[in-house]
Amino acid sequence: MTTIPKSISVSTTGSDNVTELNVILGMYKPSDIPKFLNANPRLSSKLSALLEYTDNDDVRTSLTQGEKWRTCPLFQHPMVTSRTGHTFWVGDFVAWGARCGQLYRLSSFFLYRGVIKAKAHRAYYFVDSSLTQTIDGKGITLSYLGASNPGEWIDVDELFASEENLPCLRLRKRYQEQINNNMAVTVVPLNLFTHDTSGNSTKKWNKVESWSMVPAALPLSERNKRENTFPICLHNRLTAVEMLPDIVNDLKALEKGVIMHDSEANMSVLVVAPLNMIIGDNPLHAELASNKGTNATFPCRKCYFKKSGPQESTSTKQHHGAPHRDPVHVAFFLANIRLPTGCGVELFDGTTEHDLSKLGYKEQGSGSLLELEAFDITRDLPVEALHCLMLGVTKYLVNDLCDFLSASEKRTLEARLRHYNSKGYARAMTSNLQLQGLFVGRDYKTFAQQLPLILDDLVDGAWPTMPNQRKSIMTALCSCFHSQGELLSLLYMAEIPSDFDKYKRLIRTTVDKLCDDVNAVDAALLGRHKNRKGGRLGNRPKLHLLHHVCEDINQFASIIHFEAEKGEQFNKFIHERIFHTNRHSISVDVLRLFGHHTIFRHIVENGSWLTATEERTTGGPGIIEHLNENPVFKAAFMGGSQEFTENNQSSQKLKVGLCGFFTETMENGTRSSFLVRVVGITKENVRFNVYQFVDLSSCANANNPQSIINRYGTDFGQSIFYHAYKSSRGYAVVKKKPQTPRPIPIESISLEEVIDLQVARICNNQDEFIVNPSKFAVVVGQLMTKMVQLQPPDK
């Protein structure tokens, strides 16, 4: 651990006097943590990952398929080793086994269907050319087809280089000063998280700001484990931005490369660790982006969106029409330079602005981020769904709903929430609606998924005599809850298995509809309460930030990869460690406790380290024997393998009453998918009732599906939702098959997605159910799964 002396300005209470206070910042440098991880055999092989391509490029299952991983130069692996033991570098001129007479120049490496491939361009001999290059000083000149030619994808195992017959040029200029020709280079991208926690038992006072780090290449399930999150620094007097320059200084060294031991290769390698993203809430992201934040006229950290007046509505066109911010503009502002003539920012209203101080910029002390080559402060601070949706739009709507309903209507709504019958959620809503100011993020997640269906049922059933004026307001609120529920259902997808472009179009369409519905609620409630608290919802910056979600999903593959909840849960462990200190030097004492825990785990997991004589060693065989003889040791002394709590209600654990899409694999290898409700579980078998979507063609009074095409476009004409019979409220209807529940071996089935099936007043009998479209990930399943793909078994 490194200790860094810092000084801060402190104002004396009741006076204008400002004094300098000296404090000590404890820090585990970002470069210290990968040294441990690379020397740990449990993790060393998982820290680095090639960018990945799939068929048709329509799948997004990991961060390696995001645009950042594909385009940032520092994320591209400069070298790979084939299974035959040959090492190839970007820039090498090589031969391909299938065309041994042709020379190729390698431009990049990637993964395709689990095989390492190289993108290669044909090279030609020329005597006089402006695109020539001397090879190893032998006077041979070569020219190759560059970016204008897409190149060919070649299996790395089929390449070879002959120094005698085909001279090989290795372009290693970036790493030439750090390594010799025999040292490998490994790329280990990093994610940072920053937020505050509390230093006392009430969790209200003594705020402690912290920074933590997770290796970005780890699989999502590994990134969500407590033991793979590492604190960098924390302090109760310094802000996150004040700690940032010391972090950036070390990240700059990691971009150039730091030599570390690799336990998998059992040799020293050069580790390049670029910064992938910084996860946090909106106020902190605004500080990191040198933006004034939500109270500014230009509150968005990503574009030059201008906030409308308190009584003016904001259209969808205004949200989309603002030009994007540029890191160059931030650099100009911090240097106190106006944009030159001809390079001003053209705003949505047609005016051009050259003075950047008028566009929402503010010196926050985060300018050091501009020194990082791999980090873009306008693109790598992603919009976080918890703070923008659940603690934004959903919270605003719940507050409006509670203020609008009468006391008796609130009691009815509370009863329906408490008795909501579904195994698809991790928790039930038991809080009193009178305590709306105390709700937290997980409460709003429950509201977002359950309220749309409950409100529809109440308006149709328990509240049918509501006066017309109140009913029109209630209709506007219901429509808004539906839109935000549908958007959350779309966003909370860990993987997008197909049609990524369609998925992004769905999100854009739904965000625009939510914006229109919020404006309708504003119009309805402002007409009733002119002095409505907070003014218009449609002008809130959090609603605008949702229009940038698609950009972030394109950048980082899925919103699940940059949700802040896991980092906030890690802060709970920091909070607990504070109670084991005397609070005189929280920064150093808490990090020392985490450090002891990390070293202990490193030794137990057979990690290596250098002795005083510079020899590398590991723990003795007695440690392994003790772990084998005492399987509860890890759980007792190291917390086991702890996963952070899953608050997305997407658990794949089987239990009686659970509904979902299942896939059964037959003995002959064929697979079939179907919708079921689990009715019994034993050690060997699962019994369930099978449900079918009611086909539109079989219903005499079927609803016209043209509204689905009008809403989502013709791309979804073959989907389940298009062909299924829908209720008057637009819910897809399913019906239980009249058959005895049959047992299926547990090992032959897999749960693909949890579904929320509900009996509602709109159904004709108890065998008919509706699918709740606000349940996370359900909308994608209905709109992007073809009806013919869902074939329930008849046996």
Side-chain angles (χ1 to χ4, degrees), residues 1-11 18-37 190-214 226-254 273 275 278-281 283-285 287-288 364-366 368-369 564 566-602 639:
M1 180 173 60
T2 302
T3 55
I4 305 171
K6 309 279 284 187
S7 62
I8 56 175
S9 300
V10 179
S11 58
V18 177
T19 58
E20 292 293 320
L21 178 66
N22 295 322
V23 296
I24 297 296
L25 173 65
M27 175 183 290
Y28 285 119
K29 292 182 179 180
S31 60
D32 292 337
I33 297 169
K35 290 179 181 177
F36 270 99
L37 303 183
L190 305 174
N191 289 344
L192 294 185
F193 172 82
T194 179
H195 204 267
D196 61 76
T197 187
S198 174
N200 67 359
S201 58
T202 64
K203 298 185 180 180
K204 189 175 182 181
W205 311 107
N206 192 21
K207 184 172 68 173
V208 176
E209 300 267 5
S210 66
W211 285 88
S212 56
M213 187 190 83
V214 179
R226 148 75 183 87
E227 64 261 30
N228 295 332
T229 304
F230 304 92
I232 296 176
C233 58
L234 63 140
H235 210 281
N236 59 334
R237 303 301 294 269
L238 297 172
T239 66
V241 173
E242 288 172 331
M243 293 182 269
L244 183 62
D246 298 295
I247 297 174
V248 170
N249 285 338
D250 196 63
L251 289 174
K252 289 183 340 188
L254 281 172
L275 179 58
I278 298 178
I279 305 169
D281 61 10
L284 193 55
H285 274 172
E287 288 186 56
L288 295 176
Q364 303 272 26
S366 57
S368 57
L369 283 173
K566 301 302 185 288
E568 292 182 355
Q569 289 181 39
F570 179 74
N571 276 357
K572 177 186 70 175
F573 295 99
I574 294 178
H575 175 77
E576 292 173 353
R577 294 294 193 279
I578 292 175
F579 293 105
H580 294 279
T581 72
N582 59 11
R583 292 177 173 81
H584 290 174
S585 182
I586 288 178
S587 179
V588 175
D589 294 343
V590 171
L591 283 185
R592 185 175 288 117
L593 290 172
F594 274 103
H596 291 166
H597 184 275
T598 300
I599 293 172
F600 182 59
R601 179 180 286 275
H602 182 77

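Start at 1 with the first residue, then count along the sequence.
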| said: Minimum heavy-atom separation for S31 and D250, please, with both atom names. | reply: N-OD2, 2.6 Å

| side chain to side chain contact (heavy atoms under 4.5 Å, CB included) partners of T598, counting only residues at least two apart | F230

| message | Could you work out, with side chain to side chain donor-acceptor pair (under 3.5 Å) as the rule, every residue matching H285, not counting sequence neighbours? | response | R301

| query | Considering residues at least two apart in sequence or located in another chain, which fulfil the salt bridge (charged side-chain N to carboxylate O under 4.0 Å, His left out) criterion with K6? | reply | D246

| Distance, nearest 0.5 Å, that separates CD of E568 from CD1 of I279 | 11.0 Å

| Would you find a donor on one side and an acceptor on the other, under 3.5 Å apart, between the side chain of Y28 and the backbone of L591? | yes

| request: I would like to know whether L190 and I33 meet side chain to side chain contact (heavy atoms under 4.5 Å, CB included); could you show each step before the answer? | output: CA-CA 11 Å; L190 305 174; I33 297 169; over 6 Å; no

| Which residues share a side chain to side chain donor-acceptor pair (under 3.5 Å) with S587, sequence neighbours left out | none

| message | E209: which residues meet the salt bridge (charged side-chain N to carboxylate O under 4.0 Å, His left out) condition with it, sequence neighbours left out? | response | K207

| remark: Between the CZ atom in F193 and the CG atom in L284, the distance rounded to the nearest 0.5 Å is 9.0 Å

| note | Hits for ring pair (Phe, Tyr, Trp, His ring centres under 6.0 Å) against F594, two or more places apart or cross-chain, chain-then-number order -> F570

| request: Please name all residues satisfying ring pair (Phe, Tyr, Trp, His ring centres under 6.0 Å) with F36, sequence neighbours left out, ordered by chain then number. | output: H602

| remark: Minimal heavy-atom distance between L251 and P30, with the atoms involved, is CD2-CB, 3.9 Å

| field | side chain to side chain contact (heavy atoms under 4.5 Å, CB included) partners for D589, two or more places apart | value | T581, N582, S585, R592

| Residue list, side chain to side chain contact (heavy atoms under 4.5 Å, CB included) with S368, at least two apart or on another chain | L244, P245, V248, E371

| query | Do you know the tightest heavy-atom contact between M243 and M27? | reply | O-CE, 4.3 Å

| message | Just to verify, what does T2 make a side chain to side chain donor-acceptor pair (under 3.5 Å) with, not counting sequence neighbours? | response | none

| message | Please evaluate residues V590 and V208 with respect to the criterion side chain to side chain contact (heavy atoms under 4.5 Å, CB included), reporting the C-alpha separation (whole Å), side-chain torsions for both, the decisive distance (0.1 Å), and the verdict. | response | CA-CA 11 Å; V590 171; V208 176; over 6 Å; no

| query | Nearest heavy-atom pair of C233 and I247: which atoms, and what distance? | reply | SG-CD1, 3.8 Å

| task | Test side chain to side chain contact (heavy atoms under 4.5 Å, CB included) on D281 and H195 and set out the steps. | result | CA-CA 7 Å; D281 61 10; H195 204 267; 3.1 Å; yes

| task | Could you pull out all residues at least two apart from D32 that satisfy side chain to side chain donor-acceptor pair (under 3.5 Å)? | result | none

| query | Rounded to the nearest 0.5 Å, what separation is found between the OG1 atom of T197 and the CD1 atom of I574? | reply | 7.0 Å

| note | The reported gap from CG in L254 to CG in L275 (rounded to nearest 0.5 angstrom) is 10.0 Å

| Any residue meeting side chain to side chain contact (heavy atoms under 4.5 Å, CB included) with P34, in chain and number order, not counting sequence neighbours | N38, M213, M260

| query | Would you say the side-chain atoms of S210 pair up with the backbone N or O of L234, donor to acceptor, closer than 3.5 Å? | reply | no

